Participant: 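Mind looking over this structure? Questions follow.
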Number of protein chains: 2
Amino acid sequence: MNSQSIENYLKVIFNQAISTDEVNTTGIAQALEVSLPSVNSMVKKLAGMGLLEYQKYKPLKITDKGRKMAARIIRKHRLTEMYLVEKMGFGWEEVHDIAEQLEHIQSPVFFDRMDELLGYPQRDPHGSPIPNKNGQIAVLEYRPLADCQPGEQVELKALGHTSDEFLKYLNSKELALGVKVEVLEVEAFDRNMKVEYSGHQEVLSALVCSKLLVS
Amino acid sequence: MNSQSIENYLKVIFNQAISTDEVNTTGIAQALEVSLPSVNSMVKKLAGMGLLEYQKYKPLKITDKGRKMAARIIRKHRLTEMYLVEKMGFGWEEVHDIAEQLEHIQSPVFFDRMDELLGYPQRDPHGSPIPNKNGQIAVLEYRPLADCQPGEQVELKALGHTSDEFLKYLNSKELALGVKVEVLEVEAFDRNMKVEYSGHQEVLSALVCSKLLVS
DNA sequence: TTAAATAGTTAGAATAGACTAACAAATTTA
DNA sequence: TAAATTTGTTAGTCTATTCTAACTATTTAA
């Protein structure tokens, strides 16, 4: 069975591969807060397991096998987050750390049961897609609120960032998935947006708007 | 933070200490399926942490600190088992392996929430007591069915053994906690018992009767 | 009460996963 | 394009946990 360490590396590599397809060692080291040599030796191990393609000094490429395995771990993570929110009453800002541990549990029936009790959800509480059992992931075609024009009316569907602080910020602004947002104005200088939703107005920074995914 | 390995040793030692109070190395090695030297070195480590009293060639004694820590792990295990049965629809014979993994999760809120959702249960699905948050455990004063006399009517309260095979056997006999059992006859030769419950009669072996705890 | 059997210990080695120090390749910048 | 910076690699070490082989203490039984 794969160690938790292997699973954590694989997940980070998978996540970094989503944006760039090619992954570099330093990025992994930063994400996992380990040293470069630690990454280097683990990368060789993962390559030996057929999960990565590795050539000295070249960017890493995740293989289909690696992608599939990573997606199955992410499936467990996201199902867990959904379960914690829907069935156990946790807030979306509380579930990450718990899911981070539960994703390593080896018990297909446990996660199948969660899935069933949740009614086979397609998205986790932050709007990210839940991979299926075969490790396939639906592609989302949402765009950032930052790309919207004044006058547009859109619905908040997912988040491009899910740190505790960001989620707490969204809570404080009463921004949740499903909220209908209208863009009132965009400040040309700094791209701040004045928006209206749930009957009140707010000004959101460009950074925040880039992390709010809408359709 | 304590490793899973440390937690597993501690749990085994705690469980063995319940019966005899003094624990021997060989018993631990068998329970964990590791070698004697492995146990020996871990035992020294646990002693160094103040969880055990260790003297060369002497039986081990668990300290109050060790007992408390072990009970907190067992609390997580048993709460989990209860949650899996009550909230997720698993059978009592399915939950041990999952709980064995979940007991290592570090998240007080997670287990507190389980506890709350379950209504602060005192027993796990096999009738074993759930230690409280301070690591205190209620003492059960149940006796084995084997000690009962013909004519007695008792209720099945807990199990003295919880292997999969035993639980499946009990399922096949429709024996569950709460069932009212009347002792009809005891065979003098082999201590087999003829009993009646739920409107039918069964003959139970002495071994089975010694593992059925009643009051 | 001594010999045999059992239980416990020590020494030394293996593996996984992390680290630092030193170095080499690749990339950026002047 | 040469120098400086960044990125990646190697070598060697450390800790945790396991193991086998060899040995010692304790207990059991003849």
Side-chain angles (χ1 to χ4, degrees), chain A residues 1-17 19-62 66 69-70 73 100-101 103-104 106, chain B residues 1-17 19-62 66 69-70 73 100-101 103-104 106:
Chain A
M1 199 43 44
N2 297 318
S3 70
Q4 295 201 181
S5 207
I6 287 175
E7 294 195 347
N8 286 334
Y9 274 92
L10 199 55
K11 205 174 44 143
V12 161
I13 293 166
F14 177 89
N15 279 133
Q16 302 209 350
S19 20
T20 44
D21 207 55
E22 295 190 329
V23 180
N24 64 330
T25 308
T26 304
I28 302 169
Q30 283 166 355
L32 289 171
E33 299 185 282
V34 295
S35 69
L36 261 331
S38 298
V39 175
N40 186 254
S41 70
M42 182 59 91
V43 150
K44 285 175 179 172
K45 180 173 189 169
L46 296 176
M49 295 168 73
L51 304 171
L52 296 181
E53 284 171 35
Y54 169 73
Q55 285 177 283
K56 269 193 191 181
Y57 297 105
K58 293 274 168 63
L60 301 164
K61 292 188 66 178
I62 190 167
M69 191 177 290
I73 300 162
E100 200 73 11
Q101 297 182 66
E103 73 190 6
H104 301 296
Q106 300 296 328
Chain B
M1 202 41 47
N2 296 319
S3 70
Q4 294 201 180
S5 206
I6 288 175
E7 294 195 345
N8 286 333
Y9 273 93
L10 200 55
K11 206 176 41 144
V12 161
I13 292 166
F14 178 89
N15 279 133
Q16 303 210 349
S19 21
T20 45
D21 208 55
E22 295 191 328
V23 180
N24 63 330
T25 307
T26 305
I28 303 169
Q30 283 166 356
L32 289 170
E33 299 185 282
V34 294
S35 69
L36 260 333
S38 299
V39 175
N40 186 254
S41 71
M42 181 58 93
V43 150
K44 286 174 178 172
K45 180 174 189 169
L46 296 176
M49 295 168 74
L51 304 171
L52 295 181
E53 284 171 35
Y54 169 72
Q55 284 176 283
K56 270 194 193 180
Y57 297 106
K58 293 273 168 63
L60 301 164
K61 292 189 66 179
I62 189 166
M69 192 177 291
I73 299 162
E100 200 72 12
Q101 296 182 65
E103 73 191 5
H104 301 295
Q106 300 297 327

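None of these values were measured; they are calculated from a predicted model. Here is the naming used below: chain letters follow the sequence lines, and residue numbers restart at 1 for every chain.
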Participant: Figure out the CD/P separation between A:Glu33 and C:dC19, and round it to whole Å.
Facilitator: 10 Å
Participant: Side-chain contact test, heavy atoms from C-beta onward, threshold under 4.5 Å: evaluate it for B:Leu36 versus B:Asn40 and give yes or no.
Facilitator: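 Sidechains of B:Asn40 and B:Leu36: no contact.
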Participant: If you define the side chain from C-beta out and look only at heavy atoms, does anything of B:His104 sit under 4.5 Å from B:Asn8?
Facilitator: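 Yes, at least one pair of side-chain atoms sits under 4.5 Å.
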Participant: Would a 4.5 Å heavy-atom cut-off, applied to side chains only, mark A:Val43 and A:Thr25 as touching?
Facilitator: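 Contact flag for A:Val43/A:Thr25 side chains = no.
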Participant: Looking only at heavy atoms, which two atoms of B:Glu7 and B:Glu103 are closest? And how far apart?
Facilitator: OE1-O, 4.1 Å
Participant: Tell me whether the OP1 or OP2 atom of C:dG17 has a side-chain N or O from A:Ser38 closer than 4.0 Å.
Facilitator: no
Participant: If you define the side chain from C-beta out and look only at heavy atoms, does anything of A:Tyr9 sit under 4.5 Å from A:Val39?
Facilitator: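 Yes, side chains in contact.
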Participant: Find the distance B:Asn2:CG to D:dT17:C1' and express it as a whole number of Å.
Facilitator: 15 Å
Participant: Return the value, rounded to whole Å, for the distance between atom CE of A:Met42 and atom P of D:dG8.
Facilitator: 17 Å
Participant: Would you say a side-chain N or O of B:Ser35 is under 4.0 Å from OP1 or OP2 of D:dT18?
Facilitator: no
Participant: Find out whether A:Met49 and A:Met69 are in side-chain contact, i.e. whether some heavy atom of one side chain is under 4.5 Å from a heavy atom of the other.
Facilitator: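 Counting from C-beta outward, A:Met49 and A:Met69 never come under 4.5 Å.
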Participant: With a 4.5 Å cut-off on side-chain heavy atoms, are A:Ile62 and A:Val23 touching?
Facilitator: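 Of all side-chain heavy-atom pairs linking A:Ile62 with A:Val23, none is under 4.5 Å.
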Participant: Nearest whole Å is fine: how far is D:dT17 C1' from B:Leu32 CG?
Facilitator: 12 Å
Participant: Can you list, by residue number, the residues of residues 3-11 of chain B that have a non-hydrogen atom closer than 4.0 angstrom to DNA chain D?
Facilitator: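 Contacts with DNA chain D under 4.0 Å: B:Ser3, B:Ser5, B:Tyr9.
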Participant: Check whether any side-chain heavy atom of B:Leu60 sits under 4.5 Å from a side-chain heavy atom of B:Gln16, and report yes or no.
Facilitator: no
Participant: Using a 4.0 Å heavy-atom cut-off to protein, can you give one letter per nucleotide of nucleotides 7-12 of chain C, 5' to 3': B if the base is in contact, S if only the sugar-phosphate is, - if neither?
Facilitator: SBBBB-
